[in-house]
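All values derive from a computational prediction rather than experimental measurement.
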Amino acid sequence: MDFNVKRLATEAGLFLTRAVQFTEEKLWQSEKTNLDQDFENLTVRADCTKHWTEKILRQTEILLQPNPIDHTGARIEEFLYEKLDMKAPSRITNSELLGQHMEDAAKEFGLESPYGSTLVKVGECERRLGAVEKDFIQTADISFLSPLRNFLEGDCRIISKERRLLENLRLDLDACKTRVKKAKAAEAKVASEAEVVPDFQETRPRNYVLSASASALWTEEVEKAEQELKTAQKEFDRQAEVTRLLLEGISCTHVNHLRCLHEFVEAQAAYYRQCHLHMQDLQEELRRLPGGFAQNSSQNAPPPSLPEPESVSSPVETLTIEEVQAPASGTRKAKVLYDYDAADCSELSLLADEIITVYTMPGMESDWLVGERGNQRGRVPVTYLELLS
(Lines give C-alpha, C1' and ligand atoms only; values in the text may rest on other atoms or scores of the structure.)
Protein backbone atom coordinates (compact mmCIF):
# COMPACT_ATOMS: atom_id res chain seq x y z
CA MET A 1 0.00 0.00 0.00
CA ASP A 2 2.86 2.39 0.84
CA PHE A 3 4.46 1.65 -2.52
CA ASN A 4 1.24 2.47 -4.37
CA VAL A 5 0.82 5.73 -2.47
CA LYS A 6 4.38 6.76 -3.21
CA ARG A 7 3.96 5.85 -6.85
CA LEU A 8 0.72 7.77 -7.04
CA ALA A 9 2.34 10.80 -5.44
CA THR A 10 5.27 10.59 -7.87
CA GLU A 11 2.98 10.38 -10.90
CA ALA A 12 0.87 13.26 -9.57
CA GLY A 13 3.96 15.40 -9.11
CA LEU A 14 5.19 14.53 -12.59
CA PHE A 15 1.79 15.37 -14.07
CA LEU A 16 1.76 18.70 -12.22
CA THR A 17 5.26 19.55 -13.45
CA ARG A 18 4.28 18.82 -17.05
CA ALA A 19 1.07 20.86 -16.67
CA VAL A 20 3.01 23.84 -15.33
CA GLN A 21 5.58 23.57 -18.14
CA PHE A 22 2.84 23.30 -20.78
CA THR A 23 1.01 26.32 -19.35
CA GLU A 24 4.17 28.43 -19.24
CA GLU A 25 4.91 27.56 -22.88
CA LYS A 26 1.44 28.65 -23.90
CA LEU A 27 1.89 31.91 -22.02
CA TRP A 28 5.33 32.45 -23.61
CA GLN A 29 6.95 32.36 -20.18
CA SER A 30 9.17 29.36 -20.84
CA GLU A 31 11.34 28.07 -23.67
CA LYS A 32 10.28 25.08 -25.73
CA THR A 33 12.54 22.48 -27.31
CA ASN A 34 11.75 22.33 -31.03
CA LEU A 35 12.35 19.26 -33.14
CA ASP A 36 14.22 19.53 -36.43
CA GLN A 37 12.34 20.36 -39.64
CA ASP A 38 12.82 16.87 -41.11
CA PHE A 39 11.12 15.36 -38.07
CA GLU A 40 8.25 17.84 -38.35
CA ASN A 41 7.80 16.94 -42.04
CA LEU A 42 7.63 13.25 -41.14
CA THR A 43 4.99 14.04 -38.51
CA VAL A 44 2.86 16.01 -40.98
CA ARG A 45 3.15 13.20 -43.53
CA ALA A 46 2.04 10.62 -40.96
CA ASP A 47 -0.97 12.73 -39.95
CA CYS A 48 -1.93 13.24 -43.59
CA THR A 49 -1.63 9.51 -44.29
CA LYS A 50 -3.83 8.65 -41.33
CA HIS A 51 -6.46 11.24 -42.28
CA TRP A 52 -6.86 10.15 -45.90
CA THR A 53 -6.61 6.46 -45.11
CA GLU A 54 -9.57 6.83 -42.75
CA LYS A 55 -11.60 8.65 -45.43
CA ILE A 56 -10.73 6.14 -48.17
CA LEU A 57 -11.54 3.21 -45.89
CA ARG A 58 -14.88 4.70 -44.83
CA GLN A 59 -15.94 5.55 -48.40
CA THR A 60 -14.89 2.14 -49.75
CA GLU A 61 -17.00 0.46 -47.08
CA ILE A 62 -19.94 2.64 -48.14
CA LEU A 63 -19.32 1.69 -51.77
CA LEU A 64 -19.41 -2.00 -50.95
CA GLN A 65 -22.37 -1.59 -48.54
CA PRO A 66 -24.32 1.48 -49.72
CA ASN A 67 -27.01 1.43 -47.01
CA PRO A 68 -25.52 3.06 -43.87
CA ILE A 69 -27.95 1.19 -41.59
CA ASP A 70 -27.05 -2.18 -43.12
CA HIS A 71 -23.38 -1.23 -43.03
CA THR A 72 -23.49 -0.40 -39.32
CA GLY A 73 -25.45 -3.55 -38.54
CA ALA A 74 -23.05 -5.66 -40.56
CA ARG A 75 -20.04 -4.25 -38.70
CA ILE A 76 -21.71 -4.86 -35.33
CA GLU A 77 -22.54 -8.43 -36.37
CA GLU A 78 -18.96 -9.04 -37.51
CA PHE A 79 -17.64 -7.61 -34.23
CA LEU A 80 -19.87 -9.89 -32.13
CA TYR A 81 -18.98 -13.01 -34.08
CA GLU A 82 -15.29 -12.08 -33.87
CA LYS A 83 -15.47 -11.71 -30.09
CA LEU A 84 -17.27 -15.05 -29.84
CA ASP A 85 -14.66 -16.75 -32.06
CA MET A 86 -17.40 -17.74 -34.50
CA LYS A 87 -17.61 -17.43 -38.25
CA ALA A 88 -20.17 -14.86 -39.40
CA PRO A 89 -22.89 -16.30 -41.67
CA SER A 90 -22.87 -15.31 -45.32
CA ARG A 91 -25.24 -12.38 -45.91
CA ILE A 92 -27.47 -12.25 -48.96
CA THR A 93 -26.79 -9.37 -51.34
CA ASN A 94 -29.41 -7.00 -52.72
CA SER A 95 -29.11 -8.54 -56.18
CA GLU A 96 -29.65 -12.04 -54.81
CA LEU A 97 -32.67 -10.82 -52.85
CA LEU A 98 -34.08 -9.18 -55.99
CA GLY A 99 -33.56 -12.40 -57.94
CA GLN A 100 -35.34 -14.39 -55.23
CA HIS A 101 -38.33 -12.02 -55.31
CA MET A 102 -38.51 -12.26 -59.10
CA GLU A 103 -38.49 -16.05 -59.01
CA ASP A 104 -41.18 -16.10 -56.33
CA ALA A 105 -43.28 -13.69 -58.39
CA ALA A 106 -42.84 -15.89 -61.48
CA LYS A 107 -44.30 -18.84 -59.59
CA GLU A 108 -47.35 -16.75 -58.72
CA PHE A 109 -47.84 -15.43 -62.26
CA GLY A 110 -47.16 -18.77 -63.93
CA LEU A 111 -43.90 -20.09 -65.25
CA GLU A 112 -45.43 -20.72 -68.70
CA SER A 113 -46.55 -17.12 -69.21
CA PRO A 114 -44.21 -14.75 -71.08
CA TYR A 115 -43.91 -12.48 -68.05
CA GLY A 116 -43.32 -15.36 -65.64
CA SER A 117 -40.70 -17.07 -67.81
CA THR A 118 -38.89 -13.75 -68.26
CA LEU A 119 -38.96 -13.11 -64.52
CA VAL A 120 -37.30 -16.48 -63.97
CA LYS A 121 -34.50 -15.71 -66.42
CA VAL A 122 -33.90 -12.24 -64.99
CA GLY A 123 -34.08 -13.58 -61.43
CA GLU A 124 -31.45 -16.21 -62.19
CA CYS A 125 -29.22 -13.53 -63.71
CA GLU A 126 -29.67 -11.33 -60.65
CA ARG A 127 -28.66 -14.24 -58.44
CA ARG A 128 -25.51 -14.70 -60.51
CA LEU A 129 -24.81 -10.98 -60.28
CA GLY A 130 -25.26 -11.20 -56.51
CA ALA A 131 -22.80 -14.08 -56.30
CA VAL A 132 -20.26 -12.10 -58.33
CA GLU A 133 -20.84 -9.08 -56.10
CA LYS A 134 -20.31 -11.20 -53.00
CA ASP A 135 -16.99 -12.48 -54.37
CA PHE A 136 -15.94 -8.93 -55.20
CA ILE A 137 -16.80 -7.67 -51.70
CA GLN A 138 -14.86 -10.52 -50.12
CA THR A 139 -11.85 -9.97 -52.37
CA ALA A 140 -11.89 -6.21 -51.79
CA ASP A 141 -12.12 -6.70 -48.04
CA ILE A 142 -9.16 -9.07 -47.96
CA SER A 143 -6.88 -7.34 -50.45
CA PHE A 144 -7.71 -3.68 -49.80
CA LEU A 145 -9.78 -2.92 -46.71
CA SER A 146 -7.98 -5.24 -44.30
CA PRO A 147 -4.51 -3.70 -44.91
CA LEU A 148 -5.97 -0.23 -44.39
CA ARG A 149 -7.66 -1.29 -41.15
CA ASN A 150 -4.48 -3.00 -39.94
CA PHE A 151 -2.53 0.20 -40.57
CA LEU A 152 -5.02 2.36 -38.67
CA GLU A 153 -5.45 -0.07 -35.80
CA GLY A 154 -1.79 -1.11 -35.60
CA ASP A 155 0.89 1.23 -36.92
CA CYS A 156 -1.10 4.42 -36.39
CA ARG A 157 -1.85 3.61 -32.77
CA ILE A 158 1.78 2.72 -32.08
CA ILE A 159 2.96 5.97 -33.70
CA SER A 160 0.42 8.00 -31.71
CA LYS A 161 1.50 6.32 -28.50
CA GLU A 162 5.20 6.96 -29.12
CA ARG A 163 4.51 10.57 -30.11
CA ARG A 164 2.61 11.15 -26.87
CA LEU A 165 5.50 9.64 -24.92
CA LEU A 166 7.94 11.86 -26.82
CA GLU A 167 5.87 14.94 -25.99
CA ASN A 168 5.84 14.02 -22.29
CA LEU A 169 9.60 13.54 -22.31
CA ARG A 170 10.00 16.88 -24.05
CA LEU A 171 7.98 18.56 -21.30
CA ASP A 172 10.17 16.84 -18.71
CA LEU A 173 13.30 18.00 -20.53
CA ASP A 174 12.13 21.60 -20.75
CA ALA A 175 11.08 21.52 -17.10
CA CYS A 176 14.61 20.37 -16.18
CA LYS A 177 16.09 23.17 -18.27
CA THR A 178 13.88 25.67 -16.48
CA ARG A 179 14.88 24.22 -13.09
CA VAL A 180 18.59 24.47 -13.95
CA LYS A 181 18.16 28.02 -15.14
CA LYS A 182 16.37 29.07 -11.95
CA ALA A 183 18.89 27.25 -9.72
CA LYS A 184 21.82 28.95 -11.42
CA ALA A 185 20.15 32.33 -11.11
CA ALA A 186 19.56 31.77 -7.37
CA GLU A 187 23.13 30.51 -6.92
CA ALA A 188 24.52 33.58 -8.64
CA LYS A 189 22.41 35.86 -6.47
CA VAL A 190 23.54 34.17 -3.26
CA ALA A 191 27.17 34.20 -4.44
CA SER A 192 27.02 37.93 -5.16
CA GLU A 193 25.64 38.59 -1.71
CA ALA A 194 28.38 36.43 -0.13
CA GLU A 195 31.12 38.45 -1.86
CA VAL A 196 30.17 41.54 0.12
CA VAL A 197 32.31 41.82 3.33
CA PRO A 198 29.83 41.97 6.19
CA ASP A 199 29.91 44.66 8.84
CA PHE A 200 29.47 42.71 12.06
CA GLN A 201 28.42 45.87 13.82
CA GLU A 202 25.30 45.97 11.63
CA THR A 203 25.06 42.28 10.62
CA ARG A 204 25.06 39.41 12.98
CA PRO A 205 27.66 36.66 12.36
CA ARG A 206 24.85 34.12 12.41
CA ASN A 207 23.25 35.68 9.30
CA TYR A 208 26.59 35.51 7.49
CA VAL A 209 26.93 31.82 8.30
CA LEU A 210 23.41 31.20 7.03
CA SER A 211 24.20 33.00 3.77
CA ALA A 212 27.27 30.83 3.18
CA SER A 213 25.25 27.71 3.95
CA ALA A 214 22.57 28.81 1.45
CA SER A 215 25.24 29.25 -1.21
CA ALA A 216 26.43 25.69 -0.66
CA LEU A 217 22.85 24.40 -0.84
CA TRP A 218 22.18 26.18 -4.14
CA THR A 219 25.43 24.81 -5.55
CA GLU A 220 24.28 21.33 -4.66
CA GLU A 221 20.85 22.07 -6.15
CA VAL A 222 22.46 23.18 -9.42
CA GLU A 223 24.52 19.99 -9.65
CA LYS A 224 21.42 17.89 -8.98
CA ALA A 225 19.36 19.78 -11.58
CA GLU A 226 22.12 19.42 -14.17
CA GLN A 227 22.30 15.67 -13.54
CA GLU A 228 18.52 15.39 -13.99
CA LEU A 229 18.82 17.44 -17.18
CA LYS A 230 21.40 15.03 -18.62
CA THR A 231 19.14 12.06 -17.83
CA ALA A 232 16.10 13.78 -19.34
CA GLN A 233 18.06 14.74 -22.46
CA LYS A 234 19.26 11.17 -22.93
CA GLU A 235 15.72 9.75 -22.59
CA PHE A 236 14.33 12.38 -24.95
CA ASP A 237 16.95 11.69 -27.63
CA ARG A 238 16.34 7.94 -27.42
CA GLN A 239 12.57 8.37 -27.73
CA ALA A 240 12.98 10.85 -30.59
CA GLU A 241 15.02 8.28 -32.50
CA VAL A 242 12.43 5.55 -31.93
CA THR A 243 9.63 7.85 -33.09
CA ARG A 244 11.62 8.93 -36.14
CA LEU A 245 12.10 5.32 -37.23
CA LEU A 246 8.37 4.69 -36.94
CA LEU A 247 7.54 7.83 -38.92
CA GLU A 248 10.00 6.89 -41.66
CA GLY A 249 8.14 3.59 -41.98
CA ILE A 250 5.23 5.52 -43.54
CA SER A 251 7.07 5.27 -46.87
CA CYS A 252 6.85 1.46 -46.71
CA THR A 253 3.18 1.83 -45.81
CA HIS A 254 2.57 3.85 -48.97
CA VAL A 255 4.24 1.13 -51.06
CA ASN A 256 2.08 -1.53 -49.43
CA HIS A 257 -1.10 0.49 -49.91
CA LEU A 258 -0.17 1.08 -53.55
CA ARG A 259 0.05 -2.67 -54.14
CA CYS A 260 -3.30 -3.16 -52.39
CA LEU A 261 -4.84 -0.42 -54.53
CA HIS A 262 -3.74 -2.22 -57.70
CA GLU A 263 -5.32 -5.42 -56.41
CA PHE A 264 -8.54 -3.56 -55.65
CA VAL A 265 -8.65 -2.14 -59.19
CA GLU A 266 -8.08 -5.60 -60.66
CA ALA A 267 -10.88 -7.04 -58.52
CA GLN A 268 -13.24 -4.23 -59.48
CA ALA A 269 -12.44 -4.61 -63.18
CA ALA A 270 -13.05 -8.36 -62.98
CA TYR A 271 -16.35 -7.72 -61.17
CA TYR A 272 -17.68 -5.35 -63.82
CA ARG A 273 -16.42 -7.60 -66.60
CA GLN A 274 -18.29 -10.60 -65.21
CA CYS A 275 -21.43 -8.51 -64.67
CA HIS A 276 -21.26 -7.37 -68.30
CA LEU A 277 -20.94 -10.94 -69.53
CA HIS A 278 -23.91 -12.07 -67.43
CA MET A 279 -26.07 -9.23 -68.76
CA GLN A 280 -25.10 -10.04 -72.34
CA ASP A 281 -26.06 -13.68 -71.78
CA LEU A 282 -29.37 -12.52 -70.28
CA GLN A 283 -30.12 -10.39 -73.34
CA GLU A 284 -29.47 -13.34 -75.63
CA GLU A 285 -31.72 -15.59 -73.55
CA LEU A 286 -34.53 -13.02 -73.58
CA ARG A 287 -34.31 -12.73 -77.37
CA ARG A 288 -34.69 -16.49 -77.70
CA LEU A 289 -37.72 -16.75 -75.43
CA PRO A 290 -40.95 -17.66 -77.32
CA GLY A 291 -43.37 -14.76 -77.33
CA GLY A 292 -40.67 -12.44 -76.04
CA PHE A 293 -41.05 -8.69 -76.21
CA ALA A 294 -38.18 -8.35 -78.67
CA GLN A 295 -39.94 -10.66 -81.18
CA ASN A 296 -43.41 -9.16 -80.86
CA SER A 297 -42.28 -5.53 -80.88
CA SER A 298 -42.35 -5.27 -84.70
CA GLN A 299 -45.96 -6.49 -84.83
CA ASN A 300 -47.39 -4.79 -81.74
CA ALA A 301 -46.29 -1.19 -81.52
CA PRO A 302 -46.29 0.38 -78.05
CA PRO A 303 -49.05 2.79 -77.09
CA PRO A 304 -48.52 6.37 -78.36
CA SER A 305 -48.45 7.73 -74.81
CA LEU A 306 -45.43 5.63 -73.85
CA PRO A 307 -41.88 6.29 -75.09
CA GLU A 308 -40.47 3.65 -77.37
CA PRO A 309 -38.11 1.36 -75.41
CA GLU A 310 -34.51 1.25 -76.52
CA SER A 311 -34.68 -2.53 -76.77
CA VAL A 312 -37.34 -2.40 -79.55
CA SER A 313 -35.86 -3.85 -82.69
CA SER A 314 -36.26 -2.14 -86.04
CA PRO A 315 -34.73 -2.60 -89.48
CA VAL A 316 -32.36 0.28 -88.83
CA GLU A 317 -30.79 -1.50 -85.82
CA THR A 318 -29.15 -3.97 -88.16
CA LEU A 319 -27.59 -1.27 -90.33
CA THR A 320 -23.91 -1.80 -91.12
CA ILE A 321 -21.49 0.04 -93.38
CA GLU A 322 -21.47 -2.86 -95.84
CA GLU A 323 -25.26 -3.07 -96.12
CA VAL A 324 -26.21 0.62 -96.18
CA GLN A 325 -25.07 3.00 -98.90
CA ALA A 326 -25.77 6.71 -99.00
CA PRO A 327 -28.32 7.62 -101.69
CA ALA A 328 -27.10 9.47 -104.75
CA SER A 329 -29.40 12.38 -103.89
CA GLY A 330 -31.29 13.55 -100.83
CA THR A 331 -28.33 13.85 -98.49
CA ARG A 332 -27.92 17.00 -96.41
CA LYS A 333 -25.38 18.51 -94.12
CA ALA A 334 -26.27 18.95 -90.46
CA LYS A 335 -24.60 20.66 -87.54
CA VAL A 336 -24.55 18.82 -84.22
CA LEU A 337 -26.02 20.94 -81.42
CA TYR A 338 -25.16 18.76 -78.40
CA ASP A 339 -22.91 15.82 -77.55
CA TYR A 340 -24.63 12.47 -77.91
CA ASP A 341 -23.40 9.04 -76.76
CA ALA A 342 -24.59 6.10 -78.83
CA ALA A 343 -26.83 3.71 -76.90
CA ASP A 344 -25.81 0.71 -79.05
CA CYS A 345 -23.82 -0.20 -82.13
CA SER A 346 -26.61 0.91 -84.50
CA GLU A 347 -26.28 4.54 -83.39
CA LEU A 348 -23.60 7.13 -84.07
CA SER A 349 -21.96 9.14 -81.29
CA LEU A 350 -21.91 12.89 -81.88
CA LEU A 351 -19.81 15.82 -80.77
CA ALA A 352 -21.19 19.33 -80.50
CA ASP A 353 -20.47 21.72 -83.42
CA GLU A 354 -19.28 19.01 -85.81
CA ILE A 355 -20.77 18.76 -89.35
CA ILE A 356 -22.09 15.40 -90.56
CA THR A 357 -24.02 14.09 -93.55
CA VAL A 358 -27.57 12.89 -92.91
CA TYR A 359 -30.29 11.19 -94.98
CA THR A 360 -33.41 9.12 -94.46
CA MET A 361 -34.12 5.45 -95.05
CA PRO A 362 -37.41 3.77 -95.90
CA GLY A 363 -39.31 2.66 -92.82
CA MET A 364 -37.25 4.83 -90.42
CA GLU A 365 -38.95 6.71 -87.61
CA SER A 366 -39.53 10.41 -88.18
CA ASP A 367 -37.38 11.47 -85.24
CA TRP A 368 -34.29 9.58 -86.46
CA LEU A 369 -31.92 10.02 -89.40
CA VAL A 370 -28.96 8.10 -90.73
CA GLY A 371 -25.79 10.03 -89.94
CA GLU A 372 -22.48 9.59 -91.76
CA ARG A 373 -19.04 10.79 -90.71
CA GLY A 374 -16.22 9.44 -92.80
CA ASN A 375 -16.54 5.65 -92.74
CA GLN A 376 -18.86 5.69 -89.72
CA ARG A 377 -22.61 5.39 -90.10
CA GLY A 378 -25.45 5.06 -87.62
CA ARG A 379 -28.76 6.39 -86.43
CA VAL A 380 -28.78 9.91 -84.99
CA PRO A 381 -31.64 11.75 -83.25
CA VAL A 382 -33.08 14.70 -85.17
CA THR A 383 -33.41 16.81 -82.00
CA TYR A 384 -29.62 16.92 -81.69
CA LEU A 385 -29.14 18.33 -85.21
CA GLU A 386 -29.56 21.59 -87.08
CA LEU A 387 -30.10 20.91 -90.77
CA LEU A 388 -28.08 23.18 -93.02
CA SER A 389 -29.30 24.43 -96.39
Side-chain angles (χ1 to χ4, degrees), residues 98 102 106 109 112-126 128-129 269 272-389:
L98 175 61
M102 287 184 173
F109 299 146
E112 301 300 329
S113 64
Y115 186 34
S117 59
T118 304
L119 278 174
V120 171
K121 293 296 182 181
V122 178
E124 293 175 352
C125 180
E126 293 295 335
R128 291 194 294 269
L129 292 177
Y272 286 118
R273 182 167 55 251
Q274 293 178 15
C275 290
H276 180 66
L277 293 176
H278 285 314
M279 294 307 299
Q280 284 184 324
D281 294 341
L282 176 63
Q283 287 179 320
E284 293 296 330
E285 291 181 1
L286 294 183
R287 292 192 186 100
R288 291 194 298 266
L289 284 178
F293 185 71
Q295 295 181 358
N296 294 337
S297 60
S298 61
Q299 301 176 2
N300 302 322
S305 59
L306 297 176
E308 184 176 358
E310 295 181 358
S311 61
V312 176
S313 62
S314 63
V316 182
E317 289 185 351
T318 59
L319 291 177
T320 60
I321 297 178
E322 293 78 13
E323 297 175 350
V324 178
Q325 297 295 332
S329 60
T331 61
R332 299 182 64 179
K333 294 293 184 180
K335 179 181 178 181
V336 179
L337 300 177
Y338 319 103
D339 292 344
Y340 176 74
D341 294 329
D344 52 46
C345 60
S346 68
E347 298 180 2
L348 180 66
S349 297
L350 303 175
L351 295 176
D353 298 331
E354 70 173 335
I355 305 299
I356 63 172
T357 303
V358 296
Y359 50 89
T360 61
M361 292 291 295
M364 179 175 288
E365 301 90 335
S366 60
D367 54 348
W368 290 87
L369 292 174
V370 176
E372 180 177 335
R373 180 179 58 233
N375 294 329
Q376 299 178 346
R377 291 189 182 92
R379 295 194 306 162
V380 293
V382 177
T383 55
Y384 282 71
L385 304 175
E386 177 185 355
L387 298 178
L388 305 177
S389 56

_Check whether D339 reaches the backbone of A352 with its side chain - one donor and one acceptor, N or O, closer than 3.5 Å._
yes
*Atom NE2 in H276, atom CZ in R273: separation rounded to 0.5 Å?*
11.0 Å
_Tell me whether E284 at atom CD has more than 12 heavy atoms from other residues, nucleotides or ligands lying less than 6.0 Å away._
yes
*How many angstroms lie between atom CZ of R379 and atom CE of M361, to the nearest 0.5 angstrom?*
12.5 Å
_Could you go through M102 and V120, starting from their C-alpha distance and side-chain angles, then the distance that decides it, and tell me whether this counts as side-chain contact (heavy atoms from CB on, under 4.5 Å)?_
CA-CA 7 Å; M102 287 184 173; V120 171; over 6 Å; no
_Side chains of Q274 and H278, donor plus acceptor under 3.5 Å_ = no
_Quick check: do K333 and T357 have side-chain heavy atoms less than 4.5 Å from each other?_
yes
*Atom CD1 in I356, atom CG in L388: separation rounded to 0.5 Å?*
10.0 Å
*D367 and T383: CA distance, side-chain angles, deciding distance, side-chain contact (heavy atoms from CB on, under 4.5 Å) verdict*: CA-CA 7 Å; D367 54 348; T383 55; 5.9 Å; no
_Side-chain heavy atoms of Y340 within contact of S349, under 4.5 Å_ = no
*Can you label the angle between the F109 ring and the Y115 ring as parallel, tilted or perpendicular, going by 30° and 60°?*
parallel
*asked:* Please identify which of these residues, L385, I355, L351, V380, meets the side-chain contact (heavy atoms from CB on, under 4.5 Å) condition with V336.
replied: L385
*Is any side-chain heavy atom of Y384 less than 4.5 Å from a side-chain heavy atom of L337?*
no
*asked:* Just verifying a value: how many Å separate L282 CG and L129 CG, rounded to the nearest 0.5 Å?
replied: 8.5 Å
*Roughly how far, to the nearest 0.5 Å, is the CZ atom of R128 from the CG atom of D281?*
7.0 Å
*If every non-hydrogen atom of K335 is compared with every non-hydrogen atom of D353, which pair is closest and at what distance?*
CE-OD1, 3.7 Å
*Roughly how far apart are Y272 OH and M279 CE, rounded to 0.5 Å?*
14.0 Å
